[in-house]
Amino acid sequence: MAKEKNNESWEYAPSLESTAHIQLKEKYDLFIDGKWVKPKSGKYFKSINPANEEVLAEVAHANESDVNLAVKAARKAYTNVWSKMAPTERAKYIYRIARLMHERAREFAVIETLDAGKTIRESRDVDVPLACNHFFYYAGWADKLEYAFPNRKFESLGVAGQIIPWNFPLLMAAWKIAPALATGNTVVLKPAETTPLTALKLAEIIEESGLPAGVVNIVTGYGDTGAAIVNHPDVNKIAFTGSTAVGKIIQKSIAGTHKKATLELGGKSANIIFDDAPIDQAVEGIVNGIFFNQGHVCCAGSRLFVQENVADKVIRKLKQRMESLYVGNPLDKNTDIGAINSKEQLEVINKFIQIGKNEGAEMYQTKCNLPKKGYYCSPTIFTNVAQSNVIAQEEIFGPVLTVQTFRTVDEVIQKANNSPYGLAAGVWTDKGSRIFNLTTKLRAGVVWANTYNKFDPTSPFGGYKESGFGREGGMHGLSGYVKLND
Ligand code: ADP
């Protein structure tokens, strides 16, 4: 099959990752109390491959009664088994899950790419290794918690309800499940409706690992399933990653209850390029920050700020680099930008692109031929953008970048912080003192210096302002799952 031509002067032979070794069931039930059970709702929905619109599998749509069963199983497992188990024993199970995931890394990567539309390069090199490493990392903490909370008395919370989005499906499941288990909690997890398959594969691995029944329960469904978890009276903790709009609903629902929460929400992160920055590396950092993973990253560097005297150079080089980006089949190892996760999300992105044009910003899109089937979007930048423009304020969650210029450090700090969000930022400069000056003044949970979108299980992640609260990852990620008593 001839690969779609992206650019006149570049053409690669396709290099498709094989799907021969992937085993998907036609129909997935709910994973509750260590067993696969049919949904009481009797309903199933289809999970679609956004790269070609083909149905991958049917998946159960859990209702309130199904969620109730899952919470009951998690409570029973918490009271009778998991909270009583020696931490070293708990650690062994978590290690076992990590090892089994590692052994089946390729299978996970291909399923993630099929279900989410993200490139195989990303799921193979980023999502799956990081997900394994989260389990390895938190397995290590399970029997060392007294060092995480020195001189404090702590106890686990009980049942954690965890709701995750579609941009890093397996990785988000790992971020949520691993620290919860390490601290002695049990779990009811709901993956996003467009990307349930790797969480269901993870359930198979959990089954294989011999983890006691009910310690991890995986219920699939839509927002109503998530709401049933949030509102269940016997859930002690809600861990949510997703949109700020749903985060606000959740916060209202649990106000006045005993439930503890961590919310990781939207972002509109600033990527700041000074005139002394290594420009070519910075251009790669911009591309990595917004175009790889189709801009489906809550901390995407979606607002670019370039110092005025190098703006022309940076924009010229960025456009040149954009022209060499391959948009197409995510299973192809040459592909830089895969499919947009769903038809609905593509519509959202296109709506914002139209708003940008109507606002009078200047648009540049690469001249690539998008595949005829599936949901795709060309990398897009807007210049001549004002601070007040909708495209510079609202989260687009697609490969769309706004470019603004600045002259002084104070000006860029003010501009970067002028956002309801505060998830992440990037700073590109040769001067260490400038990096330290900025990192203390930018209201963002993570600030990368001379790099972007780098993750590690040992470092905490989370936001300020409307990007949420609480930290996931690192030692800080344990705090959200314990009660400190004195
Ligand atoms: P996104 O815009 O990234 O899709 P959402 O916030 O809509 O983010 O979805 C993130 C997760 O939250 C998904 O698993 C989704 O099903 C779930 N969800 C959506 N609405 C609600 C709700 N009202 N209560 C709980 N979970 C919800």
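Worth saying up front: this structure is predicted, and the values here are computed from it rather than measured. Counting from 1, the numbers follow the sequence of the chain as shown. Every number for a ligand or one of its atoms is a count from 1 in the order of the listing.
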Quiz item: Between Trp82 and Tyr78, does the ring centroid distance fall short of 6.0 Å?
Solution: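 Between Trp82 and Tyr78, the centre distance exceeds or equals 6.0 Å.
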
Quiz item: Who passes side-chain hydrogen bond (donor to acceptor under 3.5 Å, both in side chains) against Trp175, sequence neighbours left out?
Solution: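 Trp175 satisfies side-chain hydrogen bond (donor to acceptor under 3.5 Å, both in side chains) with His134 only.
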
Quiz item: So which of Val385, Leu318, Ile396, Thr383 actually passes side-chain contact (heavy atoms from CB on, under 4.5 Å) with Leu401?
Solution: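 Exactly one option meets the side-chain contact (heavy atoms from CB on, under 4.5 Å) with Leu401, and it is Leu318.
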
Quiz item: Which residue pairs pass the salt bridge (Lys or Arg N to Asp or Glu O under 4.0 Å) test when at least one of the two sits in residues 171-189, sequence neighbours left out?
Solution: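 Pairs touching residues 171-189 that pass the test: Lys176-Glu472.
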
Practice problem: Using a strict cut-off of under 4.0 Å between a residue heavy atom and any atom of ligand 1, list the qualifying protein residues by chain and number. | Solution: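 Ligand 1 is contacted, at a heavy-atom distance under 4.0 Å, by Ile163, Ile164, Trp166, Lys190, Pro191, Ala192, Glu193, Tyr222, Gly223, Gly226, Ala227, Phe240, Thr241, Gly242, Ser243, Val246.
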
Exercise. Determine, stepwise, if the pair Phe168 / Lys118 fulfils side-chain contact (heavy atoms from CB on, under 4.5 Å).
Key: CA-CA 9 Å; Phe168 289 90; Lys118 61 169 58 203; 3.3 Å; yes

Exercise. List for me each residue that meets salt bridge (Lys or Arg N to Asp or Glu O under 4.0 Å) alongside Asp336, sequence neighbours excluded, and say none if there are none.
Key: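 Partners of Asp336 by the salt bridge (Lys or Arg N to Asp or Glu O under 4.0 Å) criterion, ordered by chain and then number, come out as Arg121.
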
